[in-house]
Amino acid sequence: MIIMKRTKIKALLSTSQVGSEVLVKGWVRTKRGNKNVVFIALNDGSTINNIQVVADTVSFDENLIKDITTGACIAVSGKLVESQGQGQKVEINASSIELYGKSDAETYPLQKKGHSMEFLRENAHLRFRTNTFGAVFRIRHSMAFAIHNYFNDKGFFYLHTPIITGSDAEGAGEMFHVTTMDLNKLVHKEDGSLDFNGDFFGKETNLTVSGQLEGELGALSLGEIYTFGPTFRAENSNTPRHLAEFWMIEPEMSFYDLNDNMDLAEEFVKYLIKYALENCREDLEFLNNMIDNKLLEKLNFVLNNEFVRITYTEAVSILTATGKKWDYMVGWGRDLQAEHERYLVEEHFKRPVILTDYPREIKAFYMKQNEDGKTVRAMDVLFPGIGEIIGGSQREENYEKLLARITEMKLPQKDLWWYLDTRKFGTAPHSGFGLGFERLILFVTGMSNIRDVIPFPRTPKNAEF
RNA sequence: UCCUUAGUAGCUCAGUUGGUUAGAGCGACGGACUGUUAAUCCGUAGGUCGUAGGUUCGAGCCCUACCUGGGGAGCCA
């Protein structure tokens, strides 16, 4: 047997090696043919495209051919030749086929024809083998890579903030407890509350809902940092835009004001979209054909148009002026609802919108207070179809103002001593934002349910796999 | 968590005002076909109708509760 090096299908299809002997390995997508010749569509995950393997039945054992079913894994060596048929330029004339793993056709869940997203979600361990999910997860990888590239090129440092946190002050949502205590033998204090003294950390701990506060600590000495890691929210949210475990990117920058922050957010998102268009072309074209035929148009549109920037107050005026009847009232001081945001983005401006300067009452304690005493320097980036993709703000750098806000909102000041210290010792104006990674992937892939852009989604009542 | 909608073959669905033995397409399996492209053609097998109760002479269909999925809302990224 000839020892040959394996070639990935992506490389095989993109370079002209016609006439040479090659070895490919992959999983069978389809097999068809007659008693003289069989055609095998083989995919190895390196690209959305398959290589066609042609095998003369006389040259191969009948049982081997029989075992080459959808889902089976094989290694094929043979000559790469120009295809005699339509549909592909090149194909492999197989000289030998080794069967690595059979795939019983009667019990293998995936078939050649299309499946519903719901069915594939229940088979998340196998859905990578479909064209759609192969494309989605290759793009997801490319976006993660591009994020590191972007920040690295700009001199930002990748900061690893803790996943287990002893702070629950951020208030971004319900948290998952982390404990090693025996849940059947919990110890209570005299006042009835749980006694964490015997727990692993000797105090109550949770999974993080955001790395922002720790990120600020890094920014206020390293200058510009970003986090990129998993975050957890124990909210009972059942929507196509929420996960209990999701990935978030949170840049935090010293000496950035809100405008710098908006500039960065816009440039960042556009960089990622451009990267996808330039590096994931075939996968995007597939998704454009099969999932959302406006996808490429949408991506190019966002890339080539400036985001609209208006204040919350201006947005309320626009919404009021429409005279429309809303399910939820519009009024200064009320938070904007999905229907309002959607109207602004999808009907009024027809492009991404950045809303700024929200009323302080509806925003977090750490946002910088404006001189009007009513608003804070917050920004939300709203995208068509998915709503809020980025939320950020200039942070309050003034110790007294920050402390006053913490007291006012009845937050546990003693748990935030380390955060407050940064405002006591060499405080600096700074800003940052959070980008939901899966929401970005939703937009870039055109997929409609967030459970289909993360390999193993965690949602209420679902932690399979 | 609320509203809404659905759960019938491996998959996607049909199933009439409650009435004999629950159907189709695809897939699988068997066969035919000298180059296919989600191949085509002929044939075969495959179902405790989401779960538990109830109404009825009789329930896939009506009632109650629960479970699970989809869509919308809230919370947010």
Side-chain angles (χ1 to χ4, degrees), chain A residues 29-41 49-58 66 69-71 81-88 91 93 103-123 130-131 170-174 209-212 227 230-250 265 290 326-328 335-339 341-342 362-364 380-383 386-392 433-443 448-454 459-462 464:
Chain A
R29 283 294 172 76
T30 65
K31 183 185 71 174
R32 47 183 177 267
N34 52 49
K35 66 181 173 190
N36 299 304
V37 60
V38 294
F39 303 94
I40 302 158
N49 298 307
N50 303 324
I51 186 83
Q52 171 156 285
V53 174
V54 186
D56 289 321
T57 48
V58 287
K66 220 168 226 180
T69 55
T70 301
V81 297
E82 283 183 26
S83 179
Q84 295 174 37
Q86 303 292 310
Q88 60 281 316
E91 62 193 19
N93 273 336
S103 175
D104 178 33
E106 296 211 47
T107 51
Y108 184 60
L110 304 184
Q111 43 186 61
K112 305 181 202 178
K113 297 220 171 178
H115 290 292
S116 68
M117 291 298 160
E118 292 78 20
F119 175 75
L120 290 170
R121 216 170 284 151
E122 288 169 11
N123 290 280
T130 64
N131 285 332
E170 219 265 334
E174 287 296 308
V209 294
S210 162
Q212 181 201 313
T227 73
T231 47
F232 307 86
R233 308 259 168 107
E235 298 288 346
N236 190 9
S237 297
N238 293 285
T239 86
R241 296 177 304 282
H242 290 85
L243 291 165
E245 176 181 300
F246 65 100
W247 289 63
M248 192 151 60
I249 300 102
E250 296 181 287
M290 304 299 287
W326 307 99
D327 292 339
Y328 289 84
D335 208 353
L336 298 180
Q337 303 298 317
E339 56 173 339
E341 297 181 347
R342 196 168 301 141
I362 58 175
K363 287 292 179 185
D380 281 3
V381 181
L382 309 177
F383 260 42
I386 50 179
E388 185 182 340
I389 193 170
I390 286 175
F433 63 80
L435 167 75
F437 186 52
E438 283 76 16
R439 289 193 179 169
L440 171 81
I441 305 302
L442 271 182
F443 185 76
S448 49
N449 193 312
I450 201 162
R451 292 160 201 176
D452 298 327
V453 297
I454 188 168
T459 51
K461 303 273 187 268
N462 189 350
E464 194 64 61

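Only heavy atoms go into these numbers, but all of them, side chains included; no hydrogens, no water, no symmetry mates. Proteins come first, then strands; the chains are lettered A, B, ... in the order of their sequence lines, and each starts at number 1.
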**Q** Please classify the nucleic acid contact of A/I386 as base, sugar-phosphate, or nothing, using heavy-atom distances under 4.0 Å.
**A** nothing
**Q** Would you classify A/Q84 as touching base, sugar-phosphate or nothing, given that sugar-phosphate means primed atoms plus P, OP1 and OP2, and contacts are heavy atoms under 4.0 Å?
**A** base
**Q** Pick base, sugar-phosphate or nothing for A/F119, based on heavy-atom distances below 4.0 Å to the nucleic acid.
**A** sugar-phosphate
**Q** Remember a base hit wins even if backbone is also touched, and classify A/T107 as base, sugar-phosphate or nothing at under 4.0 Å, heavy atoms.
**A** nothing
**Q** Are A/R451 and B/rG69 close enough that a side-chain N or O sits under 4.0 Å from OP1 or OP2?
**A** no
**Q** Provide, to the nearest angstrom, the distance between the CZ atom belonging to A/R241 and the C1' atom belonging to B/rG74.
**A** 10 Å
**Q** Describe the nucleic acid contact of A/E91 in one word from base, sugar-phosphate, nothing, applying a heavy-atom distance below 4.0 Å.
**A** base
**Q** What contact category does A/T70 fall into here, base, sugar-phosphate, or nothing, at under 4.0 angstrom with non-hydrogen atoms?
**A** nothing
**Q** How would you label the contact of A/P109 with the nucleic acid (heavy atoms, under 4.0 Å): base, sugar-phosphate, or nothing?
**A** nothing
**Q** Tell me what A/E438 touches on the nucleic acid: a base, only sugar-phosphate, or nothing, going by heavy atoms under 4.0 Å.
**A** nothing
**Q** Select base, sugar-phosphate, or nothing to describe what A/R29 touches, counting heavy atoms under 4.0 Å on all strands.
**A** nothing
**Q** Looking for any heavy atom pair under 4.0 Å, which part of the strands does A/H115 touch: base, sugar-phosphate only, or nothing?
**A** sugar-phosphate
**Q** Using only heavy-atom distances, decide whether a donor-acceptor pair under 3.5 angstrom links the side-chain of A/E122 to the base of B/rG69.
**A** no
